Amino acid sequence: MTTALTAEEIKELGPLAALVGTWEGDKGTDVAPSDADGPQDRGTATSPYRERIVFEPIGRVDNHAQVLCGLRYRTTAWRIDAPESNSFHEEVGYWLWDAAAEQVMRCFIVPRGVSVIAGGSATAGATGFELEANVGSATFGICSNPFLDREFRTVRYTLTVALHDDGSWSYDEDTQMQLATGALFHHTDANRLHLVG
């Protein structure tokens, strides 16, 4: 972002105000089901990654009596040695703040055919918060394409965000997937990001 936010715009974003801008981190760790094993005997693949996240204010959103303020965002992640043209993960969506309800929400889609809306409680000046979504929930829920629902059904998603004193922020997320075998797999991602623009 090149345009500075006014004091009022910052206040309206609550705990999301600290995220405005372009962020990069190269200490990510992704733990996912391995592609090397057969579908009935999945192993685990752990991969380091780097990513870029861009957050842009969207202004006020009025849902009748509900007022939301938020950020449009896009994320791209690459394996550590991969070129820019070969990302392994992308997502787009919104982070929203409902000041009256003291609630943070994250709505996003990934091009694997999954959409998530996760939410949790926070205060305006919070330096961290936790969000969650569960399959089957009419509010904070998860929707997947038929193949993923059958083979890697996402049943729960949790995200913990921490804002640090040095201006960086970090996250830990756990995407709990029920595999076709019935086993529960914790697909986790974590990284710390620094402002670059």
Side-chain angles (χ1 to χ4, degrees), residues 1-31 48-63 66-77 89-110 115-134 137 139-142 154 156-176 186-197:
M1 293 278 321
T2 55
T3 304
L5 296 177
T6 67
E8 185 59 32
E9 289 170 327
I10 290 171
K11 181 179 176 183
E12 288 178 350
L13 285 168
L16 302 180
L19 300 179
V20 174
T22 300
W23 301 82
E24 292 184 354
D26 60 2
K27 304 289 188 242
T29 302
D30 172 67
V31 179
Y49 66 92
R50 60 188 172 87
E51 72 184 308
R52 181 180 304 120
I53 305 177
V54 179
F55 291 100
E56 301 168 323
I58 61 170
R60 178 179 163 136
V61 178
D62 294 321
N63 288 332
Q66 182 187 46
V67 176
L68 302 174
C69 289
L71 305 171
R72 174 189 306 110
Y73 85 101
R74 63 185 178 276
T75 299
T76 308
H89 178 81
E90 294 183 18
E91 63 187 54
V92 296
Y94 297 92
W95 292 52
L96 303 170
W97 167 240
D98 182 337
E102 292 193 320
Q103 197 166 65
V104 175
M105 292 168 268
R106 179 182 179 192
C107 319
F108 65 97
I109 56 174
V110 295
S115 62
V116 176
I117 178 168
S121 298
T123 60
T127 57
F129 49 85
E130 296 180 9
L131 309 179
E132 68 176 63
N134 293 283
S137 173
T139 54
F140 296 135
I142 302 159
T154 301
R156 182 169 168 77
Y157 169 83
T158 60
L159 171 71
T160 301
V161 171
L163 307 175
H164 303 290
D165 290 340
D166 66 357
S168 68
W169 67 281
S170 60
Y171 69 85
D172 287 280
E173 64 183 11
D174 183 1
T175 304
Q176 298 175 32
H186 290 264
H187 178 177
T188 61
D189 293 283
N191 204 356
R192 188 161 179 158
L193 297 109
H194 301 270
L195 189 65
V196 296

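Computation of the quantities below employed the complete heavy-atom set of this structure, encompassing side-chain atoms and omitting hydrogens, waters and symmetry-equivalent molecules. As the structure is a prediction and not an experimental result, all values here were calculated from the model. Counting begins at 1 with the first residue of the sequence.
Pairing each heavy atom of A18 with each of L163, the nearest pair is CB-CD1, 4.0 Å. Nearest heavy-atom pair across L96 and I58 is CD2-CD1, 4.2 Å. Between P15 and A122, the shortest heavy-atom distance links the atoms CG-CB, 4.3 Å. The minimum heavy-atom distance linking Y49 with A77 is given by the pair CD1-CB, 4.1 Å. Q103 and W97 get closest at one heavy-atom pair: O-CE3, 3.3 Å. Here the shortest heavy-atom pairing between G25 and N191 reads O-ND2, 3.4 Å.
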Does the pair R74 and T76 meet the rule for a side-chain contact (heavy atoms from CB on, under 4.5 Å), with working shown? CA-CA 7 Å; R74 63 185 178 276; T76 308; 5.7 Å; no
Trace of the side-chain contact (heavy atoms from CB on, under 4.5 Å) decision for I53 with W169: CA-CA 12 Å; I53 305 177; W169 67 281; 3.9 Å; yes
Take V31 and H186, measure what side-chain contact (heavy atoms from CB on, under 4.5 Å) needs, and give me the verdict at the end. CA-CA 8 Å; V31 179; H186 290 264; over 6 Å; no
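Between E24 and R50, none of the side-chain N atoms (NZ, or NE/NH1/NH2) sits under 4.0 Å from a carboxylate O, so this pair counts as no salt bridge.
Going from atom CZ of R106 over to atom CD1 of I117 covers 12.0 Å, rounded to the nearest 0.5 Å. The distance from the CZ atom of F108 to the OH atom of Y73 is 5.0 Å, given to the nearest 0.5 Å. For the atom pair L193 CG and F55 CZ, the distance stands at 8.0 Å (nearest 0.5 Å). Between the CG atom of D174 and the OG1 atom of T158 there is a distance of 4.5 Å, given to the nearest 0.5 Å. Separation of atoms CG (D166) and CZ (R192) is listed at 5.0 Å; rounding is to 0.5 Å. The structure places CG of L13 at 11.5 Å from CG of L68, a figure rounded to the nearest 0.5 Å.
You'll find the side chain of Y94 stays beyond 4.5 Å of the side chain of M105, heavy atoms only.
Of the possible donor and acceptor atoms, one in the side chain of D98 sits under 3.5 Å from a partner among the backbone N and O of A101.
The only option from E173, Q176, H187 that meets the side-chain contact (heavy atoms from CB on, under 4.5 Å) definition with Y157 turns out to be E173.
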